[in-house]
Amino acid sequence: MSQDDLTSKQNDYAVFLPAISGFYATFIGKQRDTSGTPYVDPARMPAGMQDMEQMNWLNSKQSLFPYRWSLYSGGHANLDLAKQDWSEDMVRNREPGTFMLGDSGGFQIAKGLWEGDWKANSGCSKAQKKRDAVLKWLDGIADYGMILDIPTWVIHDKKASKACQITTLQEAVDATKFNNEYFIKHRKGVKDGGARFLNVLQGDNHSSAEDWYQTMKVYCDPTAYPDRHFDGWAMGGQNMCDVHLVLKRLVALRHDNLLQEGKHDWMHFLGTSKLEWALLLTDIQRAVRKYVNPNFTISFDCASPFLATANGQMYHQIDLPHNDKWCYRMGPSADDKKYATDTRSFRDTVLQDKVFPHFDESPVSKHLQIKDVCIYKPGDKNKIGKEGKTSWDSFSYALMMGHNVWTHIEAVQRANREYDAGTWPAMMWNQGTKGRTGDHAKFRDIVNAIFATSDKQESLDIIEHYSRYWMDIVGTRGFKGDKTLNAHSQFNALFEFVEPEAEETEADEKMAEEAAEARLGELLRLDHGGE
């Protein structure tokens, strides 16, 4: 079997973590249960693909595209590790040597999906039961886990505030402090086989982000919590999409002695999908490794490959024009019952029939005929005896997800390779250098200058000197949803990674992810007899 070993191609780039969909994990895990009928009928597998492990990038020996890093959220997980759950097996029984970041699921608190009064010291038994379950789950499955924070956006959403009983910024801060203290006291500990933990930084502007940091930084302080302190940082709210704030925060962390080698080696950026940020974060990682902490690693995640598929979309081109916008292009995939007996390759079909103007083949798509995706013929009925509008079944979505995950990882790595080879997207070049003697044109040179000096004020002065340039660096919220009707899909939310009109919030992407998981869950129950 030919493999595209993405792990070996990672080099020293900031690490992209696919945010594993529960829908996708179900196909990997339930196929491992040999006690009954195979979850995917062997006759349904495309020619040249033997089993679902070829779609499991965490399986280095059997995967079509091995890749050792991922994120999984407690928000859609079964937190009870004492009970067998095959749908969770991709995560629970992953290969040794792989890396899993566990998201604590704070979104579920905000939306009232985890019921309870989450205010600090409320004494709510429902909240406490969930708090304890999340901690034990993270200690059981994750290399690193994020603490259970209350996202800042909650206070601006009346429904969210009502659901979790958090109505002010101070209440969100106090509730997060309470969770931090509980995690520090009750964590299993790395020496005893538990997870390392990331201190989540929130805040919806520079001022509230600074207040949040000053309040929470003590939980990473080895002098305040010897052997119990948190082990790194997770950047949420304004911290994850504002490079000006990111750089100021890193300088503060350095001079507060909170980027120590062996103690604070990891920083994660939540929900980061814009391709240029993959390069930006690599530049920052390299500078911090050179001048501060040689073991420092930056990771970032997004659920975009899964969200896109859930909405009938497929990545079809990685576009990296020099000194222009870099992106992964996607569009509505082929979905027509006329293809159910068509034996052409998937790639030939979508190009010949002008579904896509360009198609980047993946290790998954190269095994597909168009009939492997468009499985239903006119008149075919589903398991509840009805004829649907789509030609896709649930496994079609799994196949498209595998293709999209590969393409997203490949795009991130290819972009880094091209950047290192001397080409760049426009965002990584300081266009304001004309007439400003001594200014750095390249983002990487500016970042290098910021960390090359050990003088804190000098670093901050450099950051402020380039304040106009930071305004030109678009934040991470490039995932735009347009409410349009797609005749080729049973879903109507279409996503595009080309220049957005407006940025979305952390809550917007989380809500889209939850809605997609719910819709796909219904599809699984339809296709698999109510499971």
Side-chain angles (χ1 to χ4, degrees), residues 1-6 9 16 18 20-21 23-24 27-28 31 40 43-59 62-67 304-320 327-376 390-415 486 488-489 495-497 520:
M1 179 189 70
S2 176
Q3 289 181 309
D4 183 13
D5 188 352
L6 297 175
K9 296 179 179 179
F16 168 63
I20 302 171
S21 161
F23 173 91
Y24 192 85
F27 276 92
I28 303 296
Q31 195 70 4
V40 178
R44 180 69 181 87
M45 294 294 293
M49 291 181 64
Q50 288 77 44
D51 56 48
M52 285 304 299
E53 287 303 315
Q54 291 180 278
M55 302 276 283
N56 178 12
W57 58 87
L58 298 175
N59 185 331
Q62 293 179 260
S63 177
L64 293 169
F65 54 104
Y67 186 72
S304 305
F306 304 102
L307 278 171
T309 313
N311 294 281
Q313 302 265 307
M314 189 175 190
Y315 288 54
H316 63 85
Q317 183 178 8
I318 301 168
D319 196 10
L320 309 176
C327 63
Y328 9 65
R329 297 187 182 274
M330 63 178 63
S333 187
D335 182 359
D336 197 312
K337 294 182 180 182
K338 71 181 182 181
Y339 292 131
T341 57
D342 194 329
T343 59
R344 285 180 294 168
S345 72
F346 186 89
R347 182 178 187 277
D348 285 350
T349 305
V350 296
L351 291 176
Q352 291 168 8
D353 293 6
K354 295 181 170 49
V355 176
F356 300 127
H358 180 95
F359 186 74
D360 286 331
E361 189 89 287
S362 75
V364 176
S365 66
K366 74 178 183 179
H367 289 288
L368 303 180
Q369 296 178 341
I370 190 65
K371 68 181 182 67
D372 292 321
V373 176
C374 301
I375 191 71
Y376 288 129
T390 180
S391 64
W392 291 18
D393 66 0
S394 59
F395 188 53
S396 303
Y397 286 87
L399 291 170
M400 293 298 95
M401 285 179 175
H403 165 86
N404 282 353
V405 170
W406 176 87
T407 308
H408 198 113
I409 300 170
E410 170 66 16
V412 167
Q413 293 186 339
R414 189 185 302 179
N486 177 16
H488 300 286
S489 171
F495 296 89
E496 178 57 68
F497 276 96
L520 290 171

Please step through side-chain contact (heavy atoms from CB on, under 4.5 Å) for the pair Val355 and Thr349, ending with a clear verdict. CA-CA 8 Å; Val355 176; Thr349 305; 5.9 Å; no
Stepwise side-chain contact (heavy atoms from CB on, under 4.5 Å) check, Ser333 with Trp392: CA-CA 11 Å; Ser333 187; Trp392 291 18; 3.8 Å; yes
Decide side-chain contact (heavy atoms from CB on, under 4.5 Å) for Met314 and Phe346; before the verdict, give the C-alpha distance in whole Å, the side-chain angles of both, and the deciding distance to 0.1 Å. CA-CA 12 Å; Met314 189 175 190; Phe346 186 89; 3.3 Å; yes
Kindly determine whether His408 and Val412 satisfy side-chain contact (heavy atoms from CB on, under 4.5 Å), including the steps that lead there. CA-CA 6 Å; His408 198 113; Val412 167; 4.0 Å; yes
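Closest heavy-atom contact between Trp57 and Pro18: CZ2-CB, 4.0 Å. In plain terms, the two heavy atoms of Thr309 and Asn404 that are nearest each other are OG1-ND2, 2.8 Å. Residues Cys374 and Tyr339 share a closest heavy-atom pair of CB-CB, 3.7 Å. Nearest heavy atom pair, residue Met52 against residue Phe395, reads SD-CE1, 3.4 Å. The two residues Phe27 and Ser394 make their nearest non-hydrogen contact at CZ-OG, 3.6 Å. The two residues His367 and Pro363 have their closest heavy-atom pair at CD2-O, 3.0 Å.
Side-chain contact between Met400 and Leu368: present, with at least one pair of heavy atoms (C-beta onward) separated by less than 4.5 Å.
From Asp353, atom CG reaches atom CG of Asp342 across 7.5 Å, with rounding to the nearest 0.5 Å. We find the CD-CG distance between Glu53 and Leu58 to be 9.5 Å, quoted to the nearest 0.5 Å. With rounding to the nearest 0.5 Å, the separation of CD in Gln54 from CG in Asn59 is 9.5 Å. In this structure, Thr407 OG1 and Glu361 CD are separated by 9.5 Å, a value rounded to the nearest 0.5 Å. Interatomic distance, Gln317 CD to His358 NE2, rounded to the nearest 0.5 Å: 4.5 Å. Atom OG of Ser365 and atom CH2 of Trp406 lie 7.5 Å apart (nearest 0.5 Å).
Using modelled atom types, no side-chain atom of Asn311 and backbone atom of Gln313 make a donor-acceptor pair closer than 3.5 Å. Using a distance-only test at 3.5 Å, with no hydrogens or angles considered, a donor-acceptor pair links the side chain of Gln413 to the main chain of Leu6. Checked by atom type and distance alone, the side chain of Tyr24 pairs as donor or acceptor with a backbone atom of Met55 at under 3.5 Å. Between the side chain of Asn56 and the backbone N or O of Ile28 there is no donor-acceptor pair closer than 3.5 Å. Gln31 places no side-chain N or O within 3.5 Å of a backbone atom of Asp51 that could act as its donor or acceptor partner. Remark: side-chain polar atoms of His316 are not paired, donor with acceptor, to backbone N or O of Pro357 under 3.5 angstrom. Using a distance-only test at 3.5 Å, with no hydrogens or angles considered, a donor-acceptor pair links the side chain of Arg44 to the main chain of Asp372. Side-chain N or O atoms of Gln369 include none that pairs as donor or acceptor with a backbone N or O of Pro46 at under 3.5 Å.
In summary, the side chains of Ser396 and Asp393 do present a donor paired with an acceptor at a separation below 3.5 Å, with no hydrogens or angles considered. Remark: the Asp335 side chain and the Ser391 side chain contain an N/O donor-acceptor pair separated by less than 3.5 Å.
Ring centroids of Phe359 and His403 are separated by less than 6.0 Å, placing the two rings close together.
The existence of a salt bridge linking Lys366 and Asp4 is excluded, since no basic side-chain nitrogen approaches an acidic carboxylate oxygen closer than 4.0 Å.
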